[in-house]
Asks: 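Have a look at the structure that comes next, please.
The analysis underlying the following values was restricted to heavy atoms, covering all of them including side chains, and did not include hydrogens, waters or symmetry mates. Reminder, nothing fancy here: chain letters follow the sequence lines and each chain counts from 1.
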Amino acid sequence: MIEFDGISLRLGEFSLRDVTLHIGTGEYFFIIGPSGAGKTVLLEAIAGLHSPDGGRILLRQKDVRTTPPEDRRISLMYQDYSLFPHMTVEENISFGLKMQQVSPEKVKERVRRIMERFGIANLANRLPRTMSGGEQQRVALARALVVEPDVLLLDEPLAALDPITRDFFTRELARIREEYGLTVVHVSHSREEALRLATRVAVIIDGRLVAEGTREEIFSAPPYREIARFVGMENILDGEVIGTAGGYVTIRIGKCRLRAPDRGLKEGDKVAACIRAHEIRISPTPPAGREENVLSGRIVSMLSDGAMVRMTLETPFTPMIADVHRSKVIRHGLKEGMEVFLWCPPDAVVAAPSLHPVESS
Amino acid sequence: MIEFDGISLRLGEFSLRDVTLHIGTGEYFFIIGPSGAGKTVLLEAIAGLHSPDGGRILLRQKDVRTTPPEDRRISLMYQDYSLFPHMTVEENISFGLKMQQVSPEKVKERVRRIMERFGIANLANRLPRTMSGGEQQRVALARALVVEPDVLLLDEPLAALDPITRDFFTRELARIREEYGLTVVHVSHSREEALRLATRVAVIIDGRLVAEGTREEIFSAPPYREIARFVGMENILDGEVIGTAGGYVTIRIGKCRLRAPDRGLKEGDKVAACIRAHEIRISPTPPAGREENVLSGRIVSMLSDGAMVRMTLETPFTPMIADVHRSKVIRHGLKEGMEVFLWCPPDAVVAAPSLHPVESS
Amino acid sequence: MKGDRSWWKGHRSSHRLPDACLLSFALFGSLIVVLTVLAILSLAVPEVGDIPHLLEVAAKGRIVDSILLTMGAGLNAVLILLLFGIPLAYVLARVNFRGKGIVESLVDLPLMLPHTIAGIMVYLLFMERGPLGAPLAQAGIFFEDAYAGVVVAMVFVSSPYLINSVREGFENVPLHIENVARTLGASRFQAFARVVLPLSVRHIYSGAILAWGRAIGEFAAIIMIAYYPMVISTVIYYTFTTQGIKEARSVAFVFLVVCLAVFGLLRFLTRFMGKYDDRI
Amino acid sequence: MKGDRSWWKGHRSSHRLPDACLLSFALFGSLIVVLTVLAILSLAVPEVGDIPHLLEVAAKGRIVDSILLTMGAGLNAVLILLLFGIPLAYVLARVNFRGKGIVESLVDLPLMLPHTIAGIMVYLLFMERGPLGAPLAQAGIFFEDAYAGVVVAMVFVSSPYLINSVREGFENVPLHIENVARTLGASRFQAFARVVLPLSVRHIYSGAILAWGRAIGEFAAIIMIAYYPMVISTVIYYTFTTQGIKEARSVAFVFLVVCLAVFGLLRFLTRFMGKYDDRI
């Protein structure tokens, strides 16, 4: 559906560098990355609002270098919704159809239908500034969809909403994609949204596409240390590969050793061992029958928020964070200040090298 | 330490209306509320930057109506840190001491000590714009504390930081308060920060102080529906009190009934039954021995993020959200589309009336 | 400063008084404002005190004609500026091109140029032997001592006011809104006409008022190319040199009252314009 | 518009060309810029072609004296404006008071006032019989046909440029920064002097340049009160009426070159100023 072939694009302080990408028909494609990484520029390049300095963009198998935005049949929605402030809701939604010279009766009919679909028929004569964020969001969606695009570009569509409305729209977006048979490209830096919506995820850092894969690949086994940090892996321990055997590597971190699945690393590589807080088990005695991936530490703080208790632990090299279920805490009688053992299964450790390797001893 | 006695203050679009408040020495006092509620204005009034239109502010038992900000010995830190951009780090930190006519040698010594304490001695000659958010934050704290205030006002101090730095500074703030024996007033809208730091919490909505209490009171048993929504209670079910008995009330929601601890309600009151997602138990058969607070529903979606599974359920009146531990899901064989029973203990239901009661049938 | 503050420390009002620093700043700064007030009074008071003479001056055909000429030529200049200035302002607001800085300097030049130099330039360009004046004279359009000369001088000196104000209006319309219009099927011109232009109405209007005010107040640039027909500034100067300050003061006051009335009316009409650009 | 676009659709360059709408806008709008370029050329080309005559004019004592007088009086006016304008700008930037709108209108008045009316006002106020002129004449300060008259007229017409620019600079300094300075123990004046002022240096400087440029270019307001000593604008006009366009063109060109050189130098010096206000 959408192909980027070595796209480069400079635009003031933002830039894309040699981005190659393929988004298939019907995908819910997520683009995540820190702010300023070039995510919005990428969306705008798809919509035809910027011309690349180098490379090709294919849309529906055709080179669209000379196709202006108005002829691309791609709708774009920004975080601020960008409703036309001088038009009523009905005029906003009608705008696209009028531009496409649809007859006035048909415009009226199609706008009426979509306003009913989105539950905004009662807002028809309101001006955008008189409406809440959630209402504006629905109008913007209706305006984008009434022209029947087959691609919908979303630039942080949920960032400006409060948590409850956001939750509602997350489900709504998934439903809309099915209903309209859309290919969606969604830019965000929310991990939760990606987990709930994405079929595939790409990570952009500093204008470069540094990773692409299913959401499980990116979130559970991030290929680089920087991505691990970005997707919120709580524990990132820097070390060095000291051996590989049987599909696993051994990573030395200070005086400790951790085993992790091998991902094509070799001895001497600098890597970070990344572990999610909820994968760490805590016990007051050495875990029976476990000899690897066991560390000792001391509980510094415990914080309960619902069923899980978040612990900060002091270990020989760095503070670590573990999420433990409340029942475990009670069973083991865990308390602040206690000396404990930390264990995690080798398959839960992600060995991630750095994108920008630094020289160190 | 800080007393507000019926303070009213209009300032453009922000206002405080009849705020009465008492903050004791050594407290870590949290002020939460939606944006635009007047939280920053309140801090600035404590600092003496606005004069109230009505009411009295007492500081250390003295009326401070005529005490200008420079004589109050109160430090203020904004979300944007507001470092002086034309001064180096050292000049920024020295500023307050110079204004207080401390001798140059003493200034040098005290600034050196605090820069070491905050690990920023290496930044002494840098200009603010060349530093990261975390570094700026440390400089701003050092600048605020070097003048040895006994009150520290923090306006969303952690909002601009990335999650990992934020986590670090949350612990740092707790440590600093003890070390310097400070009374801290912290404005935020982060529930997590409040849970980790606050000794007491006040809620401001539309310029009014609508609730005040320990963090448990505010977060676990919010007194009003609006606050329940704001502190992130996932399930808020609107209903009406139909009976009170033995310290509990019975709330009718559609055709269902929920029991909740009585908080001075009477028959016919409109209330919302608020329940946290992790307090809801799910089982495929009616829970044995439970006759109250049982609802039937259907699992619409399940989303796993770590050890917990978040479920959305369709019930006879409204969608509900439940967080269930993964082991339970496996044990009961819960799946999307399944008809299940929801149960929650009466003590986990919070009966919260609305701040702005609406007429309804 | 600390000592200075004591005088109000005992004050019991619930509003704290502004501090000594602010008060002395206000006192000092108000001298400029007082100068302007005195200037207005010294013009207005004697005139208001001699209404019959004032009416007599105001009713003179020469004065009325001159005022109408000045206002009309100003309007004419603004219409020409709108025609060429709006496209230029849009290009400056939306496109980055090499040499943009030079174009911006050229646009701003009449702002910084001494007025008599501007007058010399306009004269050189549009006099009958001038590079533009000569061919246009062939076509029957004359500028020296003619209405067209007044308009051309006004266009030259007031162009930056209109262009910069309209450009600011266009820049205030978020690019996102224009982008969305494009993706919905609008060509660039349609997006401009349907979205950017309506959202900039107030800036265009106030730019036009500014340019018009600058145009009707011009003197130096106009007298070089067109001493006749006399615009009102020329009449005031001519009266001053030939009849003295008393007569000139009356003419100036009449013109001032007309100017203030028209500006007041124009500003008042702004209220009825779309207010969308306040909040975008 | 859709049809128009076809002519470049076949283009193979990797950069898409700007669309027809933008191109025609640029073409249309450039006419104003071309007018300015032609105006400069029609002044400069003949002068550069006759360097000996130009040098002869430039070396005349009368011209040199007049340029020095104009520049000096302009500087004098700016210094007076800085003294009174900075406090006023701070008050306008930081305090909301009743009647603020009126004060703002009074500050802006000289911007919209026709120049000859401004001249009449200044004359009325500072002439020997005037409400300010009379007492000052007692003190030995005369304005009619005197240096002080030139300065006063310049102060009046250029004041809004300085005040508005400085005010914008002060408004750009976030109130938060000033608030923090206060809580750290600085009085309002200390916070102003140590934090607000250094962070507004560039705005003050560019406001001063603007005001100076406006002052040295003034003609109408100055000739009313002080035809002598002749500022350069007066010399240009006098030469034009007595010796014709050729002589006047030379004087104008000399003055233009001096102006551009000085402005260029002043703008160049801006580079060495603190750049903090870019990023606050």
Side-chain angles (χ1 to χ4, degrees), chain C residues 1-2 19 21-22 25-26 28-29 31-33 35-39 42-43 84-85 87-88 90-91 95 103 106-107 109 112-117 120-125 130-132 156 159 187-190 192 213 216-217 219-220 224 233 236-237 240 245 248-249 252 255-256 259 263, chain D residues 1-2 18-19 21-22 25-26 28-29 31-33 36-39 42-43 84-85 87-88 90-91 95 103 106-107 109 112-117 120-125 130-132 156 159 187-190 192 213 216-217 219-220 224 233 236-237 240 245 248-249 252 255-256 259 263:
Chain C
M1 290 308 295
K2 292 220 168 183
D19 50 52
C21 169
L22 266 189
F25 273 28
F28 220 68
L31 288 180
I32 291 183
V33 182
L35 184 71
T36 307
V37 172
L38 280 179
S42 65
L43 176 60
F84 296 98
L88 181 62
Y90 181 76
V91 172
V95 187
V103 172
L106 287 170
V107 167
L109 187 78
M112 293 305 281
L113 211 57
H115 300 161
T116 45
I117 298 187
I120 294 277
M121 282 180 168
V122 171
Y123 181 74
L124 284 169
L125 210 50
L132 291 180
F156 187 71
S159 62
S187 69
R188 185 181 281 274
F189 183 76
Q190 285 172 318
F192 171 75
I216 62 170
F219 173 56
M224 300 274 187
S233 280
I236 292 173
Y237 182 65
F240 179 68
I245 181 67
R249 192 179 66 199
F255 190 37
L256 181 66
C259 281
F263 280 129
Chain D
M1 292 305 295
K2 294 220 168 183
D19 51 52
C21 169
L22 268 188
F25 272 31
F28 220 68
L31 288 179
I32 292 183
V33 181
T36 307
V37 172
L38 281 179
S42 65
L43 177 61
F84 296 97
L88 181 61
Y90 181 77
V91 171
V95 188
V103 172
L106 286 171
V107 167
L109 187 78
M112 293 304 282
L113 211 58
H115 299 162
T116 45
I117 298 188
I120 294 278
M121 283 180 166
V122 170
Y123 181 75
L124 284 169
L125 210 52
L132 291 180
F156 187 69
S159 62
S187 70
R188 185 182 280 274
F189 184 76
Q190 284 172 318
F192 171 75
I216 61 169
F219 172 56
M224 301 274 187
S233 280
I236 293 173
Y237 181 66
F240 179 69
I245 180 68
R249 193 179 64 197
F255 191 35
L256 181 65
C259 282
F263 280 128

Asks: Could you state the interatomic distance from CG (Leu22(D)) to CZ (Phe192(C)), rounded to the nearest 0.5 Å?
Replies: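 Rounded to the nearest 0.5 Å, the CG-CZ separation comes out at 10.5 Å.
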Asks: So which of Val122(D), Leu31(D), Leu88(D) has the biggest tally of heavy-atom pairs under 4.5 Å with chain C?
Replies: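 Winner by heavy-atom pair count: Leu88(D).
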Asks: Return the option, out of Ala252(D), Gly213(D), Ser42(D), Ala220(D), with the maximum number of heavy-atom pairs under 4.5 Å with chain C.
Replies: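 Looking at each of Ala252(D), Gly213(D), Ser42(D), Ala220(D) in turn, Ser42(D) comes out on top.
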Asks: Between Val95(D), Leu132(D), Thr36(D), which shows the greatest number of heavy-atom pairs under 4.5 Å with chain C?
Replies: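 Option with the top pair count is Thr36(D).
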Asks: Would you call Ile32(C) and Phe156(D) a side-chain contact if the rule is heavy atoms closer than 4.5 Å?
Replies: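 The answer is no; the side chains never approach within 4.5 Å.
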Asks: Side-chain contact, heavy-atom cut-off 4.5 Å: Pro131(C) with Leu125(C)?
Replies: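 In short, these two side chains touch, coming nearer than 4.5 Å.
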Asks: At a heavy-atom separation under 4.5 Å, does Leu106(D) approach chain C through its side chain, its backbone, both, or neither?
Replies: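 Both the backbone and the side chain of Leu106(D) come within 4.5 Å of chain C.
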Asks: For the atom pair CD1 (Ile236(C)) and CE (Met224(D)), what is the distance rounded to the nearest 0.5 Å?
Replies: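 So the CD1 of Ile236(C) and the CE of Met224(D) are separated by 6.5 Å.
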Asks: Shorter than 4.5 Å, heavy atoms on both sides: which option in Pro87(D), Gly85(D), Ser159(D) has the most such pairs with chain C?
Replies: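 Max contact count across the listed options: Pro87(D).
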Asks: Please state whether the side chain, the backbone, both or neither of Tyr123(C) comes within less than 4.5 Å of a heavy atom of chain D.
Replies: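 Only the side chain of Tyr123(C) comes within 4.5 Å of chain D.
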Asks: Can you tell me how far CZ of Phe255(D) sits from CD1 of Ile120(C), rounded to the nearest 0.5 angstrom?
Replies: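 Between Ile120(C) CD1 and Phe255(D) CZ, I get 12.5 Å after rounding to 0.5 Å.
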Asks: Distance check, rounded to the nearest 0.5 Å: Arg188(C) atom CZ versus Phe25(D) atom CZ?
Replies: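 That separation rounds to 9.5 Å.
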Asks: Is Leu35(C) close to chain D through its backbone or its side chain, or both, or neither, when contacts mean heavy atoms under 4.5 Å?
Replies: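 For Leu35(C), heavy atoms of backbone and side chain both lie under 4.5 Å from chain D.
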Asks: Determine the option with the most heavy-atom pairs under 4.5 angstrom with chain D, choosing from Leu43(C), Val91(C), Ile117(C).
Replies: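 Looking at each of Leu43(C), Val91(C), Ile117(C) in turn, Ile117(C) comes out on top.
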Asks: What part of Tyr90(C) is in contact with chain D, defined as an atom under 4.5 angstrom from a non-hydrogen atom: side chain, backbone, both or neither?
Replies: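 Side chain only.
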Asks: Might you work through the side-chain contact (heavy atoms from CB on, under 4.5 Å) test for Phe263(C) and Met112(D), ending with a clear yes or no?
Replies: CA-CA 10 Å; Phe263(C) 280 129; Met112(D) 293 304 282; 3.3 Å; yes
Asks: So which of Cys259(D), Ala248(D), Ser233(D) has the biggest tally of heavy-atom pairs under 4.5 Å with chain C?
Replies: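 Highest number of pairs under 4.5 Å: Ser233(D).
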Asks: First locate atom OG1 of Thr116(D), then atom CE of Met121(D), and finally report the distance between them rounded to the nearest 0.5 Å.
Replies: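 Output value for this atom pair is 10.5 Å.
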Asks: Heavy-atom distances under 4.5 Å only: say whether Leu256(C) touches chain D with side chain, backbone, both or neither.
Replies: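 For Leu256(C), the contact with chain D is made by backbone and side chain together.
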Asks: In terms of heavy-atom proximity below 4.5 Å to chain C, should Phe240(D) be classed as side chain, backbone, both, or neither?
Replies: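 Interface part for Phe240(D): side chain.
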Asks: Examine whether an atom of Ile245(D) lies under 4.5 Å from a heavy atom of chain C, and if so say whether it belongs to the side chain, the backbone or both; otherwise answer neither.
Replies: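 Side chain only.
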